[in-house]
Amino acid sequence: MKNLKENYFNPFFSHIYIEESILNHTRTQQILAKFPSATVVKIVHYKDVFCRNKQNSHLQHNTQKLILAAKQGTLLYKGAPVCQSFGNQYFYYTSCIMNCIFDCSYCYLKGMYPSANIVVFVNLEDFFAEIEQVLANHPLYLCISYDTDLLAMESITGYVKEWYSFATKQKHLKIELRTKCANKSLIQKFDPIPKIIYAFTLSPQVIIETYEHYTPSLSERLSCAAELIRTGCPVRLCFDPMIYVPDWKQHYAEMLEQVFCMIDLQKVVDVSVGTFRISQDYLKNMRRQNSESAVIWFPFQKDGGYYHYPTDLMKQMECFLTQKLEQKISKEKIFRWSTETETQQL
């Protein structure tokens with residue numbers, strides 16, 4: 001597996017594109033200070049670079065560029081049908097960063113965005129203001145790390161720290177921070193609060209090595225999750241998406257043995273289980289960009305505009321995992337995605 005740290009700044013982010021309107025924004029200047037050798041290019045709007053024609057996002061992952069911008073228009077979105085709400089009525093997500101420094105072959109971002117470059121929206125104050133408006137009407141369960149991995153970008157943006165500070169002041173806000181990052185030195189800076197759930201995406205090591213490029217190993221993720229649990233932080237384990245590979249039962253069984261060895265499941269908030277699924281448009285775009293990746297060329301089944309594994313295989317994989325999890329954790333804490341109801345609690 002390629003070492004992320006060896007390639008973190010060079011050639012990654014050798015060029016930084018900045019909207020002229022936010023050139024002097026405090027967060028813009030803070031980020032720029034971390035890349036003194038970068039070539040800075042002023043632009044009018046981030047889409048002029050991010051959405052230009054004839055890009056190859058597959059190749060761009062080898063040399064990602066950074067784009068700093070201000071997000072306009074809608075800042076909060078209702079949770080998508082392919083995502084799990086964990087029983088929360090007011091389930092929303094937001095994207096203060098678009099795209100990820102990791103390079104997972106099956107990631108829907110490859111089909112969602114025309115570019116692999118990373119956009120950082122520096123106007124967090126506008127995000128916070130809109131959230132406060134929503135909170136004035138009802139509680140909010142907010143996922144802030146769907147379209148990126150905020151923890152993996154923390155040394156560059158410091159956004160997790162800002163979200164943490166904001167969440168401590170909001171009475172009816174709960175945040176999920178989804179991650180594959182395992183940087184204990186970053187996480188240990190934050191005191192545990194019940195309003196922020198750290199949700200670790202877990203996969204068998206063979207899948208990590210084959211499809212989850214630049215990401216920490218399974219043992220590193222589990223070690224980080226265990227440390228958070230020890231300090232009292234709410235932790236969720238996400239076995240989602242499950243990826244089909246030859247001998248998948250053996251690989252997932254071995255993964256769970258490692259999980260059971262390193263994590264006390266009685267102390268986690270809950271777990272999620274779900275096989276790979278994606279919108280038909282995203283999958284079409286991913287296949288156009290990458291004609292060789294086996295994970296996206298599986299003969300999927302189509303239902304209501306979404307592709308997933310054939311029903312029998314999907315149920316077999318998810319039931320296999322949930323049955324083993326039930327040996328260590330109550331059914332009430334196992335959430336399984338369902339094509340019929342978006343998500344179901346076992």
Inset, instruction - Would you please name every residue forming a side-chain hydrogen bond (donor to acceptor under 3.5 Å, both in side chains) with Lys195, sequence neighbours left out? - result: none
Taking distance alone, no hydrogens or angles, what donor-acceptor pairs closer than 3.5 Å link side-chain atoms of residues 262-269 to residues at least two apart or in another chain?
residue, atom, partner, partner atom, Å
Asp264, OD1, Gln266, N, 3.1
Gln266, NE2, Lys328, O, 2.5

Inset, instruction - Give every residue pair that meets the side-chain hydrogen bond (donor to acceptor under 3.5 Å, both in side chains) criterion with at least one member in residues 99-108, sequence neighbours excluded. - result: Asp103-Lys110, Ser105-His213, Tyr106-Lys180, Tyr106-Glu212, Tyr108-Asp147
Inset, instruction - Kindly state each residue pair satisfying side-chain hydrogen bond (donor to acceptor under 3.5 Å, both in side chains) with at least one member in residues 39-48, sequence neighbours excluded. - result: none
Any heavy-atom pair between the side chains of [Y] and [X] that's under 4.5 Å?
X      : Y      : result
Lys284 : Gln280 : no
Tyr141 : Tyr90  : no
Leu218 : Leu202 : yes
Cys100 : Ile118 : no
Gln205 : Ser217 : yes
Ile22  : Asn24  : no
Thr94  : Lys71  : no
Asp191 : Tyr164 : yes

Inset, instruction - Using the rule that two of Ile, Leu, Val, Met, Phe, Trp, Tyr join whenever any of their side-chain heavy atoms come within less than 4.5 Å, decide whether Val120 and Leu23 are in one cluster. - result: yes
Inset, instruction - State yes or no: do Leu59 and Ile296 share one hydrophobic cluster built from I, L, V, M, F, W and Y residues joined by side-chain heavy-atom distances below 4.5 Å, directly or via other members? - result: no
Assess whether a salt bridge exists between [X] and [Y], defined as any Lys/Arg side-chain N lying under 4.0 Å from an Asp/Glu carboxylate O.
X      : Y      : value
Glu227 : Lys184 : no
Lys249 : Glu254 : no
Glu326 : Lys324 : no
Lys161 : Glu154 : no

I'd like to know if the side chain of [X] and the backbone of [Y] have a donor-acceptor N/O pair within less than 3.5 Å.
X      : Y      : value
Thr157 : Met153 : yes
Glu176 : Ile197 : no
Asp149 : Ala152 : yes
Arg336 : Thr322 : no
Trp297 : Asn290 : yes
Thr168 : Ser165 : yes
Ser145 : Arg178 : yes
Asp303 : Tyr306 : no
Glu130 : Leu76  : yes
Arg27  : His25  : no

Out of curiosity, [X] [atom1] to [Y] [atom2], how far, rounded to the nearest 0.5 Å?
X      : Y      : atom1 : atom2 : value
Gln29  : Ile18  : CD    : CD1   : 7.0 Å
Leu222 : Ser219 : CG    : OG    : 7.0 Å
His308 : Leu283 : NE2   : CG    : 12.5 Å
Leu140 : Ile175 : CG    : CD1   : 8.5 Å
Tyr244 : Met314 : OH    : CE    : 15.5 Å
Leu150 : Leu177 : CG    : CG    : 6.0 Å

Legend entry - Residue pair Cys224, Tyr198: steps toward the side-chain contact (heavy atoms from CB on, under 4.5 Å) verdict: CA-CA 10 Å; Cys224 191; Tyr198 294 88; over 6 Å; no
Among side-chain atoms of [X] and [Y], is any donor-acceptor pair under 3.5 angstrom?
X      : Y      : value
Ser279 : Asp281 : no
Ser115 : Gln60  : yes
Thr215 : Arg221 : yes

Contact summary for [X] and [Y], nearest pair of heavy atoms:
X      : Y      : result
Cys181 : Phe200 : O-CE2, 3.4 Å
Phe190 : Val160 : CE1-CG1, 3.7 Å
Asp270 : Arg236 : OD1-NE, 2.5 Å
Tyr211 : Ala294 : OH-CB, 3.9 Å
Lys34  : Ile156 : NZ-O, 3.1 Å
Thr148 : Leu109 : N-CD1, 4.3 Å

Ring centre gap for [X] and [Y] strictly below 6.0 Å:
X      : Y      : value
Tyr214 : Phe102 : no
Phe276 : Phe300 : yes
Tyr113 : Phe50  : yes

Inset, instruction - Would you sort out whether Phe298 and Tyr309 count as a ring-ring contact (aromatic ring centres under 6.0 Å, His included), showing the intermediate values? - result: CA-CA 8 Å; Phe298 191 93; Tyr309 293 127; 5.0 Å; yes
Inset, instruction - Under the ring-ring contact (aromatic ring centres under 6.0 Å, His included) rule, collect the residues that match up with Phe320, sequence neighbours excluded. - result: Trp248
Inset, instruction - Start with the C-alpha gap between Val41 and Ile16, add the side-chain angles, then the distance that decides, and say whether side-chain contact (heavy atoms from CB on, under 4.5 Å) holds. - result: CA-CA 6 Å; Val41 181; Ile16 301 179; over 6 Å; no
Inset, instruction - Not counting sequence neighbours, list each pair that qualifies as a ring pair (Phe, Tyr, Trp, His ring centres under 6.0 Å) and has a residue in residues 252-275. - result: none
Inset, instruction - Take Ser272 and Phe239 through the side-chain contact (heavy atoms from CB on, under 4.5 Å) test and state the conclusion after the steps. - result: CA-CA 6 Å; Ser272 68; Phe239 305 99; 6.0 Å; no
Inset, instruction - Report the C-alpha separation of Phe166 and Ile131 in whole Å, then their side-chain angles, then the decisive distance to 0.1 Å, and conclude whether the side-chain contact (heavy atoms from CB on, under 4.5 Å) test is met. - result: CA-CA 10 Å; Phe166 175 73; Ile131 292 169; 3.8 Å; yes
